[in-house]
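For reference, the structure is listed below as structure tokens.
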Protein chains: 2
Amino acid sequence: MMTIDKDKVFKNSRLTYRLETLANNAISANDPLFVEKLGCNIREMRILRLIDDHPGIEFNEIMRISGLDRSLVSRLIRSLLEKTLILRVNNTEDARRYGLFTTDTGKTCRQLGRELSDAAEALLLQPLEPAEVEQLKALLGRLLSWVRSDDYQTGVQAMYGSFRGREER
Amino acid sequence: MMTIDKDKVFKNSRLTYRLETLANNAISANDPLFVEKLGCNIREMRILRLIDDHPGIEFNEIMRISGLDRSLVSRLIRSLLEKTLILRVNNTEDARRYGLFTTDTGKTCRQLGRELSDAAEALLLQPLEPAEVEQLKALLGRLLSWVRSDDYQTGVQAMYGSFRGREER
DNA sequence: ACAAATTAGTTTCAATTTGAGATTATCTCT
DNA sequence: AGAGATAATCTCAAATTGAAACTAATTTGT
């Protein structure tokens, strides 16, 4: 019966794999905590935070910034409205639009969420030195803006072109 | 009409968020490429790689190392078998078990996958210096083994206990 | 002025993904 | 042989998804 060293396998792994695994682990540890303590999941909290930081923000801005799908954003907003964490104020100039604001309950929830996130992040980053945390954040930030850039997309397209499949289809 | 700077919002964001977004972006760029060029998705490729690196590996080991759910691993293996990328050899001592090996097609596929991954990773990491790439890999590696450790789980449990929710339920 | 086209946001629906638990098959122990 | 444990598969119901249809309001073109 062979026993393979998990860490060793991991050491040879791809960066995307590392990122994904780490993200999944961290999130699956935290999300239930948010749901239990605050009644909303991490994604709802992110939208709430966005609204709290940008009072009056509109649907399309939330969509643009969060990068989430239209239907999804719509559902998340509805959910937050149903929980009375946010408030909707129709735009007087264009009745299709509306601005969003956090209610008092929403502000409290957001504040609790912040404390929870702080605790969760502190725990996650416990093994790193402060300087290393900064390094990590900076590196991830650079990669993210690269990945979101047009040049990256062009690169991906070029890759598509340059590979020949296992067999012609 | 307000216009919010996406990058600025991102700079204030949580680490888990950065990780998740980056992972999602990188994966959604690469996965279709794998499917189109090799006929299997990234997760199937990971299992294939595991099998190719550890000929004769058994189901439960794949489950343990990949960290994936039982049903999911079962499905992935079936899928790889159907594509004749792997081969199943029943264990002579225990008929419930079996070992897995890559077929020639599987080896070719894995090799192509490797080239594809290399290209994809090179593109992803283009904005970083080699030394920075190493730093990033090391930092992620340390975090991952922390997140998978019992101590981390204990920490999460402690967090659960120490927070009071918005209201009693 | 008014029909056509566009835009904002919501809702529906069908396809996919998921994982818990039932199931099958085998093995071990007494 | 029977009871219970174990390995892997399969089933099914619930959740998630995003494309497309839809509603409502606005703008454009004639």
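Order of the sequence lines sets the chain letters (A, B, ...), proteins ahead of strands, with each chain counted from 1.
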Tell me the interatomic distance from Arg96(B), atom CZ, to dT9(D), atom P, rounded to whole angstroms. 13 Å
Along DNA chain C (nearest heavy atom to each residue), the more 5'-positioned of Leu72(A) and Asp94(A): Asp94(A)
Between P of dA7(D) and CG of Asn91(B), the distance in whole Å: 12 Å
Distance check needed: dT17(D) C1' versus Met63(A) CE, whole Å only. 15 Å
Please list every donor-acceptor pair under 3.5 Å in which a side-chain atom of residues 149-158 of chain A meets a protein atom from a residue at least two apart or in another chain.
from: Ser149(A); atom 1: OG; to: Trp146(A); atom 2: O; distance (Å): 2.6
from: Ser149(A); atom 1: OG; to: Tyr152(A); atom 2: N; distance (Å): 3.2
from: Thr154(A); atom 1: OG1; to: Asp150(A); atom 2: O; distance (Å): 2.8

Counting only side-chain N and O atoms of Tyr98(A), is one of them less than 4.0 Å from OP1 or OP2 of dA24(D)? no
Range on DNA chain C touched by chain A, heavy atoms, distance below 4.0 Å: dT7(C) to dT12(C)
Between Lys8(A) and Asp53(B), does at least one N-O distance fall below 4.0 Å, as a salt bridge requires? no
At under 4.0 Å between heavy atoms, what does Arg70(B) touch on the DNA or RNA strands: base, sugar-phosphate, or nothing? base
Here the distance between atom C1' of dA8(D) and atom CG of Asp69(B), to the nearest Å, is 12 Å
To the nearest Å, give me how far apart CG (Asn90(A)) and P (dA24(D)) are. 14 Å
Residue Arg75(A), side-chain heavy atoms: nucleotide from dT11(D), dT9(D), dT17(D) that is nearest: dT17(D)
Residue pairs passing the salt bridge (Lys or Arg N to Asp or Glu O under 4.0 Å) test with at least one member in residues 129-145 of chain A, sequence neighbours excluded, are Glu121(A)-Lys137(A), Glu132(A)-Arg142(B), Arg142(A)-Glu132(B)
Could you tell me whether Glu20(A) and Arg46(B) have a side-chain N and a carboxylate O separated by less than 4.0 Å? yes
When the nearest nucleotide of DNA chain D is assigned to Ser74(B) and to Asn41(A) on a heavy-atom basis, which residue is associated with the more 5' position? Ser74(B)
salt_bridge(Asp5(B), Lys11(B)) N-O dist < 4.0 Å: no
Want to settle it: does Phe59(B) or Ala95(A) sit nearer the 5' end of DNA chain D, counting the closest nucleotide to each? Phe59(B)
When hydrophobic residues are tied together by side-chain contacts of less than 4.5 Å, even through go-betweens, does Phe101(B) share a cluster with Val9(A)? no
